[in-house]
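What follows is a single structure, written as structure tokens, with notes after it.
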Amino acid sequence: MKTFLMTVLLMIAPAIQAAVHKTHWGMVDGKSVDLYTISSPVLSISVTNFGAHIVSIEAPDKNGVRADVVLGFKDLNGYQKDTKTYMGSVVGRYGNRIAKGTFAIDGNVYHVPANDHGQALHGGTIGFDRKVWSATVIPSGVELTLISPDGDMSFPGTLTAHVRYTLESSSLRIEYTATTDKPTVVNLTNHSYFNLAGKNSGTVLDQQLMLNADRYTPIDAVLIPTGELALVGGTPFDFRQSHPIGERIQARDEQLKLAGGYDHNFVLNGEGLRLAAKAFDPRSGRSLTVTTTEPGVQFYSGNFLDGSVLDGDGRPYEEYAGFCLETQHFPDSPNEAKFPTTILRPEQKLHSITIFAFGVQK
Ligand code: BGC
């Protein structure tokens with residue numbers, strides 16, 4: 001009987017819609033900013049239409065105790081004040097770096113304002129993380145829309161971008177679509193910092209990570225890829241088997257020194273929607289499995305968190321307080337002909353999926 005009931009429950013589970021609850025959070029540029037909480041029996045996620053940020057993800061540990069497993073702030077003011085961590089936001093129009101902010105499409109040269117050591121990072125000085133998106137509640141989630149005008153941060157073409165956050169049982173699905181009216185470049189990703197033991201529980205150095213990548217893209221002194229697709233074998237970048245994040249982070253390795261830890265794009269094996277990464281926290285038993293259609297993932301170990309950004313309760317976010325797994329096209333692709341292209345043309349539609357699935361392992 002028990003088995004029969006369980007089978008019936010599992011069969012109807014996908015049909016159970018997650019509840020969506022909207023609360024007013026404040027105003028920015030005369031536009032309403034709201035917090036949308038999407039809850040399933042297993043997970044509760046809140047997102048805001050300011051910068052399309054993921055504000056919290058409450059996930060159970062091996063004893064069923066919930067904790068917020070992403071770094072963030074309590075209120076809108078926290079997100080407005082923080083202009084350097086990109087905590088939880090959707091970064092765009094071009095997530096990650098473009099060398100000197102300069103690129104060309106069809107012989108036309110564009111200059112995005114440089115905001116990171118002479119390079120353009122996460123879309124320039126006012127990226128998509130600073131914008132108020134419009135929002136529509138959809139079954140089990142919310143769809144956010146941003147119309148980025150022609151010339152926004154010097155990028156060509158009016159870009160219409162949609163991000164759909166939906167929750168199915170213990171998985172958060174993020175679906176990005178975009179169209180343009182002139183050839184442009186696009187790279188959209190979510191910039192959540194995960195700490196599977198719960199935010200403000202210390203560093204993530206003991207949390208384990210597996211990355212489905214035989215190669216990564218080494219960087220230069222300003223964190224721009226050299227163009228090489230280097231093999232990870234025999235280096236601290238080999239995460240094909242699970243390793244604690246901190247195990248080799250202090251190794252004598254030129255690449256780790258340049259970034260003060262991990263801040264590199266990994267070239268994912270395979271194509272289509274497939275495994276990108278698995279993370280596991282031995283203390284709480286929480287696990288995270290990332291699948292994506294993107295060719296790469298930026299594994300960033302929170303090296304530039306330096307205690308200067310405080311959470312809503314005044315506690316500092318210190319170095320290695322969270323790790324990011326930013327599924328993406330490779331950094332500086334507009335200047336690297338051999339990287340998968342990030343050019344979007346008017347006759348095309350960008351479509352990209354990333355799923356963050358939470359679980360427990362005893
Ligand atoms: C980059 C880091 C940068 C961080 C900003 C990451 O995506 O790779 O270099 O410092 O974003 O918070």
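Order of listing sets the numbers, starting from 1, for every ligand and every atom in it. Predicted model only: the values in this text are computed from it and were never measured.
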- prompt: Tell me, do Leu144 and Leu146 make a side-chain contact under 4.5 Å, heavy atoms counted?
  reply: no

- line: Asp106 meets the side-chain contact (heavy atoms from CB on, under 4.5 Å) criterion, sequence neighbours left out, with Pro183, Arg345

- line: Residues passing the ring pair (Phe, Tyr, Trp, His ring centres under 6.0 Å) test with His264, sequence neighbours excluded, are Tyr216, Phe237

- request: Using only heavy-atom distances, determine whether the side chains of Lys84 and Ser308 contain a donor-acceptor pair under 3.5 Å.
  value: yes

- request: Ignoring hydrogens and angles, tell me if any N or O in the side chain of Asn49 forms a donor-acceptor pair with the backbone of Asp34 under 3.5 Å.
  value: yes

- request: Kindly write out the residues that satisfy ring pair (Phe, Tyr, Trp, His ring centres under 6.0 Å) with Phe356, not counting sequence neighbours, or none if the list is empty.
  value: Phe194

- line: Close residues (non-hydrogen atom under 4.0 angstrom from ligand 1) work out to Lys84, Thr85, Tyr86, Asn96, Arg97, His122, His191, Tyr193, Leu223, Asp263, Gln298, Tyr300, Phe304, Glu326

